[in-house]
Protein chains: 2
Amino acid sequence: MRRPTIADIARQAGVSKGAVSYALNGQPGVSEATRARILAIANEIGWRPNIAARALNGARAHAVGLALCRPARFLGVEPFFMELISGIEAELSARSYALLLQVVGGHEAEMGVYRRWWGEGRVDGAILVDLHLDDPRVPQVEEMGMPVVVLGHPSAAGSLVPVWADDSAAVRETVEYLVALGHRRIARVAGLPRLSHTAIRDRAFGDVCAGLGLDTCPIVHTDYTGEEGARATRRLLSSSERPTAIVFDNDIMAVAGLSVAQEMRLDVPADLSIVAWDDSPLCQVVRPPLTVLTRDIPAYGAHAAQRLLALIDGAETRPLEDQAPRLTTRGSTAPPA
Amino acid sequence: MRRPTIADIARQAGVSKGAVSYALNGQPGVSEATRARILAIANEIGWRPNIAARALNGARAHAVGLALCRPARFLGVEPFFMELISGIEAELSARSYALLLQVVGGHEAEMGVYRRWWGEGRVDGAILVDLHLDDPRVPQVEEMGMPVVVLGHPSAAGSLVPVWADDSAAVRETVEYLVALGHRRIARVAGLPRLSHTAIRDRAFGDVCAGLGLDTCPIVHTDYTGEEGARATRRLLSSSERPTAIVFDNDIMAVAGLSVAQEMRLDVPADLSIVAWDDSPLCQVVRPPLTVLTRDIPAYGAHAAQRLLALIDGAETRPLEDQAPRLTTRGSTAPPA
DNA sequence: CCCTCGAACTGAACCGGTCCAGTGACGCTC
DNA sequence: GAGCGTCACTGGACCGGTTCAGTTCGAGGG
């Protein structure tokens, strides 16, 4: 039971392959009657275009690539990637593009995957995530000439098209809110220090705290896991200058931090206010529910996909600034006791 | 800057395209000297095989498909899919296969995606997840003739190759453990009732409870979200015959249930024991840490990918029974007060 | 020295589409 | 009714590989 080809259709319709091609692609060159006949036959015998054959004629691969460079154990931890992917997907599938996904162990492997995909004509472009400071992938991808959208701040994107959100503004909003509540000792439990968005948030945090004349504003770096979040929290809460508010870089660390505080018989929010980055069901399920910096992650992914498709079409190449994270206040923040 | 082709290599090496093809594919028909020369040139000019051209010759697409039929809001909720995907990926990438991913809204859309992928020669096979009772996808996929591995119990897989784990055994182990602790009133907060694995767990739960002569063993069905988990827990804990132990079908509901219990001033585990299905950082971060049914989800995905690749190669088609979930006891289970 | 055989390689068909240069028929105009 | 333009369609080259039937050549055997 061979797949039907346009040659089969041509034979049945009594026309040439060329005519069938025109008819099926909505191009001029065939009469409406013939077109209808050809479409009917194609439909009847269940013809589908063979993308390989199409791609061979210099056409699009109709797929974009995403290589995630994270150990598997971190992937499950954060809902971020799944939400991002579903957003990217929504945009892609609307244009019948597929997403090629690969989980890789490191940057070299990631570049190897991109090189292979691009070299094999498997993808028309890619999305780069988790930018590092001085990320080696940026110049390498630039050299490959593959259309690429970068999820991250323009300052780190080189000549690639960035899609980004203003994390600095979110940090500022959060700290100002906590200060308005009366907090003077605010700490930050951050993610991996080599990630560029961590650096941006760190700097914004330092700047805002200094600007507001706050006392000590420690930053502790972690690997985003609950264990490290708990350890960082324990350390902060045991210090002589115990902070009255902690801003966490993700939800899982915030929940871990909450548990640590409660273990230490501290009341949240009376003794300690907690803010998490990125909302998730988790943040609403714990007691008290967590005040969070909310992002529309699927939209973020969708915008990135949009820009990438535009880039592939040779159109839009300007940076795209997405909505900044918004502070959603819940029960975990209050004036210090 | 055109992509180099074997014609370019042939020209530079002064041989025919055919010879280059033999050399690059490790086939006999060229001398070792020539082969080395050709490989050197290919390497130097950065040649990569164009998969479209290869696929055109009836070769493999070197990709498998996974269409996830879940609303985006559920995807982020559970680490399950991300872990599954990373496991699938690990196996695929070792064999240079890519994973085509699409998130779809319903079963018809999902079948449309598979039909398109298969018809277009984009994938060599697919993995079917979240089997329903009398799942309409099974006969449809059978008819398409596409190699497919089903993640789910053989009884629901029709003639497709199932990869499954013995959930019944896990349910039995859990209930027997709780009974051994002294519990007599055990409840189950289950997932979507139309999913076949929910039905299997439900039946096992009923059977085991009946077999052990337990009193009432209510089952409440939910949609896997924290909100519904909380509501179900509230309902169970407010009933006249309050259960002393609850087994949840995922981690997020278990955590929500824990919060509800603590809100109701019940001590966990003294007044209520809690067991969650699927371990996650979340389960270890809350107080008390949750007793869970642990599965090696990445391994599960890897095994499914293995079986699928074997199936594509025309080899193995027997069902594969994976390791059953194992009970990992933590602080959330104890004898009833 | 001739014949055979295998290794090494060539040339061309082929996969399933796209697309361009032609071709023939028809209608319109002057 | 000759000339022209347009429409509908044909035939074939082409994309980048694979594969197979030949061809050439050198070595070995009798």
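Because only heavy atoms are used, hydrogens play no part in the values below, and waters and symmetry mates are left out as well, while side chains stay in. Convention: sequence-line order gives letters A, B, ...; per-chain numbering from 1.
In this structure the side chain of B:Leu308 never reaches within 4.5 angstrom of the side chain of B:Glu91, judged on heavy atoms. Contact annotation: the side chain of A:Leu151 approaches that of A:Leu84 to within less than 4.5 Å [non-hydrogen atoms, C-beta and beyond].
Under 4.0 Å is where a charged nitrogen must lie from a carboxylate oxygen, and between A:Asp313 and A:Arg60 at least one such pair does.
Judged purely by atom type and a 3.5 angstrom limit, A:Arg122 has no side-chain atom pairing as donor or acceptor with the backbone of B:Ile51. Between the side chain of A:Asn50 and the backbone N or O of A:Ala52 there is at least one donor-acceptor pair closer than 3.5 Å. The backbone N or O of A:His62 sits less than 3.5 Å from a side-chain atom of A:Asp124, completing a donor-acceptor pair. A donor-acceptor distance shorter than 3.5 angstrom exists from the side chain of A:Arg35 to the backbone of A:Gln27, with no hydrogens or angles considered.
Considering A:Arg115, A:Arg137, A:Gln102 as possible partners of A:Glu110, the one that fulfils the side chain to side chain donor-acceptor pair (under 3.5 Å) test is A:Arg137.
Protein chain A contacts DNA chain D from D:dA8 to D:dG16, reading 5' to 3' and using non-hydrogen atoms of the protein with a distance under 4.0 Å.
With rounding to whole Å, A:Leu24 atom CG is found 12 Å from C:dG16 atom C1'. A:Asn50 has its CG atom 12 Å from the P atom of C:dC15, to the nearest Å. The CZ atom of A:Arg48 sits 16 Å away from the C1' atom of C:dG16 (whole-angstrom rounding). Whole-Å rounding puts the B:Arg122 CZ to C:dG17 P distance at 14 Å. One atom, CZ of A:Arg60, and another, C1' of C:dT18, lie 15 Å apart when rounded to the nearest Å. In this structure, A:Leu56 places its CG atom 10 Å from C1' of C:dT18, rounding to the nearest Å.
Taking the ring centre of B:Trp117 as origin, the terminal cationic atom of A:Arg48 falls outside the region bounded by 6.0 Å and 45° from the ring axis.
Of the side-chain N and O atoms in A:Asn25, one or more sit less than 4.0 angstrom from OP1 or OP2 of C:dT18. In terms of phosphate contacts, A:Trp47 brings a side-chain nitrogen or oxygen within less than 4.0 Å of OP1 or OP2 of C:dG17.
The aromatic rings of B:Phe80 and B:Tyr300 lie perpendicular to each other, with more than 60° between the two planes, well past the 30° mark. A:Trp164 and A:His153 have perpendicular rings, their planes meeting at more than 60° on a 0 to 90° scale where under 30° would count as parallel.
Within 4.0 Å (heavy atoms only), B:Thr5 reaches sugar-phosphate atoms of the nucleic acid but no base atom.
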Subject >> Base-contact (B) and sugar-phosphate-only (S) positions in nucleotides 5-10 of chain C, heavy-atom cut-off under 4.0 Å, - elsewhere >> reply: ---SBB

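Recorded end-axis angle for the helix from C:dC1-D:dG30 to C:dC30-D:dG1 stands at 60°, based on five pairs per end and rounded to 10 degrees.
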